Undergrad: 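After the structure tokens below, expect a handful of questions from me.
Predicted, not measured: the structure shown is a model, and the values here were computed from it. Atoms within a ligand are numbered from 1 in the order they appear, just like the ligands themselves.
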Amino acid sequence: MNKIEVRQATKVFGKNPKLGLELLKKGLSKKEIKRKAGLNVGVSDASFHVEAGEIFVIMGLSGSGKSTLVRLLNRLIEPTSGSVLIDGEEITRMNVKDLRRVRRQKISMVFQGFALFPHRTILENTLYGLEIQGIEKNERQKRALEALEQVGLKGYETSMPDQLSGGMQQRVGLARALASGTDILLMDEAFSALDPLIRKEMQDQLLDLQTNMHKTIVFITHDLDEALRIGDRIALMKDGRIVQIGSPEEILINPANDYVEHFVEDVDMSKVITAGHIMSRADAMQVDRGPRVALQLMKDAGLSSLFTVDRSKKFLGVIDADDAAEAVKKGKTCLEIVKPIHPVTVDTLLADLFEDISNASVPLPVVDEQGKLRGLVRRGAIINALAGSYPSLTRSGVKQS
Ligand code: ADP
Ligand code: MG
């Protein structure tokens, strides 16, 4: 069963929305309806479903109807026509009491700009929603503490919002939603106000959290790069309509119409695809295993060199077969023969990989923020990606370890 299902939802703002529906049926555009009847079409005839555990991105330019659409999902905005089902229950027919129950138990929302209370501590801000729900004090403390830990804010419980950076404040917004324990998260441009680096960190963190949480996330953005990075599927909106739904790959490679094409045509793929997208699994050896083991592993894998890591999987460098053989003879350790080479990070863009790979004699090691080895990029993968074939341009590609 679909977690969320939207059937032909339309929202017309203004005094006589039914007139708007009639005009839409006659085929008038959003612009024409605005001009003729003074009515604002927010969303027009939107149908889609979201599966449990999916990150569903709604993307489009400002004014295309994203915020209206996401607010139809919890009936913060009433549709003019059409229906919305959550876990198979038609919430668009529910009375106030049932609607409130569904909102509390199933759906939370994360907004842009955090909406933190300035005079409450981080902990108090996090458990705010639970307080409203009348959850008992110990229980709400426990859930809020857990949520703060999940988003990496353990230790900041008694801080005040203005003591935290923008990125950290956005994390509190996320923690608040997590503490509520709902299956569904609606995130309306939640990361859009953050500067690019922090924003990427937040995207990564959301993906990391999602691998354990399996929430159903509807994520709104006007940023194609963000949509590609985090979406399992993307719905593209224009003038209130959904003009395409597909995987990131489908959207890029097979744009459904001129509008979508226009959206992606300016995208230089070398600035979208990262090392994380095209890396493959890297064999590596823990350095204290010694040169004999190194030689054996190379032999088994048919390699002439091997990446080495320390005990915490941190990338150290590369060992050559010749050096390893020499080391065995002379009684040296692996540590002495590791050649340091410069790794790239999972976020490194294809555009920035060219130079590295043309100078490299071995595949490029790919590390995460902590310097841990996550994979490797071969020259062939870079060339394929440039030629328009991106075998793993999916979330699992980014996440592969
Ligand atoms: P987005 O989030 O993609 O920027 P919105 O959903 O906020 O777009 O807006 C979609 C359209 O609906 C816009 O034309 C906007 O002006 C209109 N709209 C949104 N909210 C209202 C409202 N409360 N009253 C009238 N028009 C609205
Ligand atoms: Mg909006």
Side-chain angles (χ1 to χ4, degrees), residues 4 6-25 27-48 50 55-84 92 107-115 166 170 173-174 177 184-194 199 202-203 206 217-228 230-231 233-246 251 256-257 259-260 262-264:
I4 301 171
V6 178
R7 296 179 185 157
Q8 297 178 297
T10 295
K11 175 67 189 182
V12 180
F13 295 103
K15 283 229 170 81
N16 186 358
K18 295 283 178 227
L19 173 63
L21 284 184
E22 281 165 32
L23 297 176
L24 277 171
K25 273 204 192 100
L28 270 69
S29 72
K30 176 182 158 104
K31 237 190 223 147
E32 289 165 333
I33 293 172
K34 174 84 192 166
R35 201 179 50 225
K36 278 204 168 157
L39 297 167
N40 221 336
V41 178
V43 169
S44 171
D45 197 23
S47 296
F48 63 97
V50 185
I55 302 186
F56 188 84
V57 170
I58 299 172
M59 190 182 100
L61 301 173
S62 177
S64 60
K66 306 180 297 293
S67 293
T68 306
L69 184 54
V70 80
R71 281 163 180 75
L72 291 175
L73 301 182
N74 58 358
R75 261 179 79 187
L76 275 183
I77 292 180
E78 290 284 347
T80 312
S81 68
S83 52
V84 175
T92 31
I107 311 174
S108 33
M109 207 157 178
V110 185
F111 298 95
Q112 178 179 337
F114 343 126
Q170 188 64 71
L174 186 56
I184 299 173
L185 293 184
L186 308 178
M187 303 180 71
D188 189 359
E189 308 250 10
F191 301 159
S192 297
L194 303 173
R199 188 167 176 177
M202 291 297 293
Q203 293 163 0
L206 185 68
I217 301 175
V218 178
F219 189 100
I220 306 261
T221 182
H222 60 263
D223 183 82
L224 178 62
D225 190 24
E226 185 163 75
L228 295 173
I230 74 163
R233 287 189 303 146
I234 300 170
L236 262 162
M237 292 193 77
K238 187 198 179 189
D239 295 341
R241 290 183 181 276
I242 295 179
V243 292
Q244 184 174 16
I245 299 181
I251 299 264
N257 64 12
Y259 169 71
V260 183
H262 179 72
F263 217 122
V264 300

Undergrad: Is Ser67 close enough to the Mg ion (ligand 2) that one of its N, O or S atoms comes in under 2.8 Å?
TA: yes

Undergrad: Less than 4.5 Å apart, any side-chain heavy atom of Leu24 and any of Ile33?
TA: yes

Undergrad: Which value, rounded to the nearest 0.5 Å, describes the distance between Ile77 atom CD1 and Thr68 atom OG1?
TA: 4.5 Å

Undergrad: What is the nearest protein non-hydrogen atom to atom 1 (P) of ligand 1, stated with its residue, atom name and distance?
TA: Gly63 N, 3.5 Å

Undergrad: Before giving the answer on side chain to side chain donor-acceptor pair (under 3.5 Å), spell out for Asp45 and Thr10 the whole-Å C-alpha distance, their side-chain angles and the decisive distance to 0.1 Å.
TA: CA-CA 5 Å; Asp45 197 23; Thr10 295; 5.2 Å; no

Undergrad: If you have a sec, work out which protein heavy atom is nearest atom 27 (C) of ligand 1 and how many Å separate them, to one decimal?
TA: Phe13 CD1, 3.2 Å

Undergrad: With a 4.5 Å heavy-atom cut-off, do Asn40 and Lys30 have their side chains touching?
TA: yes

Undergrad: Does ligand 1 have any atom that is closer than 4.0 Å to a heavy atom of Ser64?
TA: yes

Undergrad: Under 3.5 Å between some N or O of ligand 1 and some N or O of Gly42?
TA: no

Undergrad: Name the option, out of Leu39, Leu69, Asn40, Val12, that contains the heavy atom nearest to atom 26 (N) of ligand 1.
TA: Asn40

Undergrad: As an exercise, state the distance from CD1 of Ile58 to CE of Met237, rounded to the nearest 0.5 Å.
TA: 7.0 Å

Undergrad: Going by the atom numbers of ligand 1, which of them fall below 4.0 Å from some non-hydrogen atom of Lys30?
TA: 11 (C), 13 (C), 14 (O)

Undergrad: Count the heavy atoms of every other residue, nucleotide or ligand shown that sit under 6.0 Å from CD of Gln8, and state whether that count exceeds 12.
TA: no

Undergrad: Out of Lys66, Glu189, Lys238, who gets a non-hydrogen atom closest to atom 3 (O) of ligand 1?
TA: Lys66

Undergrad: Closer than 4.0 Å to some heavy atom of Ser62 - which atoms of ligand 1 meet that?
TA: 4 (O)

Undergrad: Look at atom 6 (O) of ligand 1 and say which protein heavy atom is nearest, naming residue and atom and giving the distance to 0.1 Å.
TA: Thr68 OG1, 2.6 Å

Undergrad: Distance under 4.0 Å to a non-hydrogen atom of Leu61: what atoms of ligand 1 satisfy this?
TA: 3 (O)

Undergrad: Do me a favour and list the nearest non-hydrogen protein atom to atom 8 (O) of ligand 1 with residue, atom name and distance?
TA: Gly65 N, 3.2 Å

Undergrad: Run the salt bridge (charged side-chain N to carboxylate O under 4.0 Å, His left out) test on Asp239 and Lys31 for me, step by step, so that the C-alpha distance in whole Å, both residues' side-chain angles and the decisive distance to 0.1 Å come before the verdict.
TA: CA-CA 9 Å; Asp239 295 341; Lys31 237 190 223 147; over 6 Å; no

Undergrad: Relative to the heavy atoms of Ser67, which atoms of ligand 1 are at a distance of less than 4.0 Å?
TA: 1 (P), 2 (O), 6 (O), 7 (O)

Undergrad: Taking the side chain as every heavy atom from C-beta outward, state whether Leu21 and Ser81 have any atom pair closer than 4.5 Å.
TA: yes

Undergrad: Quick one: does Ile217's side chain get under 4.5 Å of Met187's, heavy atoms only?
TA: yes

